[in-house]
**Student:** 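I'd like to ask some things about the structure below.
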2 protein chains.
Amino acid sequence: MGASKAGNFTEKQNDIALMAKAMGHPARIAIIEFLLKADTCICNDIVSELPLAQATISQHLKALKNAGLIKGNIEGNSICYCINEKNMIKLQSYFANINFKMTQKKECC
Amino acid sequence: MGASKAGNFTEKQNDIALMAKAMGHPARIAIIEFLLKADTCICNDIVSELPLAQATISQHLKALKNAGLIKGNIEGNSICYCINEKNMIKLQSYFANINFKMTQKKECC
DNA sequence: AATCTATAACGCAATATTACGATAAAGATT
DNA sequence: AATCTTTATCGTAATATTGCGTTATAGATT
């Protein structure tokens with residue numbers, strides 16, 4: 001088919017997958033890293049920073065926004081993008097809570 | 001095009017993106033969660049657990065293995081899959097090290 | 001008002017993903 | 001050796017992603 005059978009999984013699984021998927025492209029990782037370290041978060045600065053066309057960056061920003069990982073705010077002529085901390089923390093926590101103790105009990109691998 | 005311009009980004013960015021991408025599907029999230037909590041990690045148990053065809057699960061396992069997030073070991077007739085802790089910890093650390101202090105200084109969003 | 005600047009949306013081509021039935025391969029069981 | 005069990009691979013259809021040129025849109029500047 002090509003469409004993921006999201007209905008078969010829990011809301012949380014779908015939620016985390018959506019955010020992880022958004023982080024699943026080097027350009028979007030680079031955008032997030034830029035937003036984390038930059039003094040400004042004007043869209044145009046991202047376009048200048050990355051080796052991709054403006055249209056492509058805009059698309060990646062849309063994907064990150066759709067996943068809830070960034071927010072955009074109109075700032076006069078341009079748009080200011082920022083990390084959406086609430087959701088980024090959710091993703092962060094998900095990974096932080098992965099516990100390997102159970103795994104270590106097994107001997108198969 | 002459809003092919004990501006991975007050459008334009010750092011090795012780490014590509015690496016993290018590859019792993020995040022692997023986590024970017026609810027079925028693969030479910031597989032990882034199953035491996036974390038299950039007593040066994042036999043491939044067939046995953047197939048029984050998830051609402052997807054065996055061929056599809058096999059494909060997802062391949063994606064996770066390719067990203068380095070799981071390992072597979074032949075166990076007689078069947079295959080034992082386990083979390084690849086080394087790389088899972090890498091992904092975990094990446095998110096753990098995200099620091100929002102810089103972000104909070106900004107007022108745009 | 002005309003023009004500039006910044007960003008999103010449209011349209012398209014190339015490629016990748018998702019899903020699954022069917023088949024292959026390889027070890028286990030009879 | 002024939003069969004069963006388990007898993008990977010192949011082929012295929014549907015859909016999604018990636019990238020970009022081009023075009024809209026909307027606020028800023030002249």
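Here the structure is a predicted model, which means the values were calculated and not measured. Computation of the quantities below employed the complete heavy-atom set of this structure, encompassing side-chain atoms and omitting hydrogens, waters and symmetry-equivalent molecules. Every chain is numbered from 1, with letters handed out A, B, ... down the list of sequences.
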**Student:** What heavy-atom pair brings Cys43(B) and Leu61(B) nearest, and what distance separates the two atoms?
**Tutor:** SG-CD1, 3.7 Å

**Student:** Taking CD1 from Ile29(B) and P from dT18(C), how many angstroms apart are they, rounded to a whole number?
**Tutor:** 12 Å

**Student:** Expressed in angstrom and rounded to an integer, what is the separation of His25(B) atom NE2 from dT15(D) atom P?
**Tutor:** 15 Å

**Student:** Base, sugar-phosphate alone, or nothing: which one does Ile42(B) contact when heavy atoms must sit under 4.0 Å apart?
**Tutor:** sugar-phosphate

**Student:** What is the distance, to the nearest angstrom, from the CE atom on Met23(A) to the P atom on dT17(D)?
**Tutor:** 17 Å

**Student:** For a quick test of reading the model: is some side-chain N or O of Thr56(A) closer than 4.0 Å to OP1 or OP2 of dC20(D)?
**Tutor:** yes

**Student:** Please figure out whether Asp45(A) or Ser78(B) has its closest DNA chain C nucleotide nearer the 5' end.
**Tutor:** Asp45(A)

**Student:** With respect to the side chain of Arg28(A), which nucleotide from dT18(D), dT7(C), dT18(C) is positioned closest?
**Tutor:** dT18(D)

**Student:** Please check the phosphate of dT5(D) (OP1 and OP2 only) for any side-chain N or O of Asn44(B) closer than 4.0 Å.
**Tutor:** no

**Student:** So, do Phe9(B) and Ile29(A) sit near enough that their side-chain heavy atoms are less than 4.5 Å apart?
**Tutor:** no

**Student:** Does any part of the side chain of Ile83(A), heavy atoms only, come nearer than 4.5 Å to the side chain of Ile32(A), both counted from C-beta?
**Tutor:** yes

**Student:** Atom CD1 of Ile74(A) and atom C1' of dA6(C): how far apart are they, to the nearest Å?
**Tutor:** 12 Å

**Student:** Mind checking whether Ile42(B) and Phe34(B) sit in one hydrophobic cluster, side chains of I, L, V, M, F, W, Y counted as touching below 4.5 Å?
**Tutor:** no

**Student:** Can a side chain N or O of Lys21(B) be found less than 4.0 Å away from OP1 or OP2 on dA16(C)?
**Tutor:** no

**Student:** Whole Å only: how far is the CG atom of Asn77(B) from the P atom of dC4(D)?
**Tutor:** 14 Å

**Student:** Quick check: is Leu18(B) connected to Ile70(B) through a chain of hydrophobic side chains (ILVMFWY, heavy atoms under 4.5 Å apart)?
**Tutor:** no

**Student:** Report the distance from atom CD of Glu75(B) to atom C1' of dT6(D), rounded to the nearest whole Å.
**Tutor:** 13 Å

**Student:** Less than 4.0 angstrom between a side-chain N/O of His60(A) and OP1 or OP2 of dG19(D), yes or no?
**Tutor:** yes

**Student:** Could you tell me, to 10°, how much the axis swings from one end of the helix from dA1(C)-dT30(D) to dT30(C)-dA1(D) to the other, five pairs per end?
**Tutor:** 10°

**Student:** Round to the nearest Å and state the distance from Asn73(A) atom CG to dT7(C) atom C1'.
**Tutor:** 14 Å

**Student:** Counting C-beta onward and ignoring hydrogens, is there a side-chain heavy-atom pair between Ser48(A) and Asn44(A) closer than 4.5 Å?
**Tutor:** yes

**Student:** For the CD atom of Gln13(A) and the CZ atom of Arg28(B), what is their distance to the nearest 0.5 Å?
**Tutor:** 13.0 Å

**Student:** Pull out every protein N or O sitting under 3.5 Å from an N or O of nucleotides 8-11 of chain C, one pair per line with the distance.
**Tutor:**
unit_1: dA8(C); atom_1: OP1; unit_2: Tyr81(A); atom_2: OH; d: 2.2
unit_1: dA8(C); atom_1: OP2; unit_2: Ser58(A); atom_2: OG; d: 3.0
unit_1: dA8(C); atom_1: N7; unit_2: Gln54(A); atom_2: NE2; d: 2.9
unit_1: dA8(C); atom_1: N6; unit_2: Gln54(A); atom_2: OE1; d: 3.1

**Student:** Taking the side chain as everything from C-beta on, heavy atoms only, tell me whether Met23(B) gets closer than 4.5 Å to Phe95(A).
**Tutor:** yes

**Student:** Mind calculating the distance between CG (Leu52(A)) and P (dT17(D)) to the nearest angstrom?
**Tutor:** 17 Å

**Student:** For residues 43-74 of chain A, pull every pair meeting ring-ring contact (aromatic ring centres under 6.0 Å, His included), keeping only residues two or more places apart or in separate chains.
**Tutor:** His25(A)-His60(A)

**Student:** Do you know the tightest heavy-atom contact between Ala22(B) and Leu64(B)?
**Tutor:** O-CD2, 3.8 Å

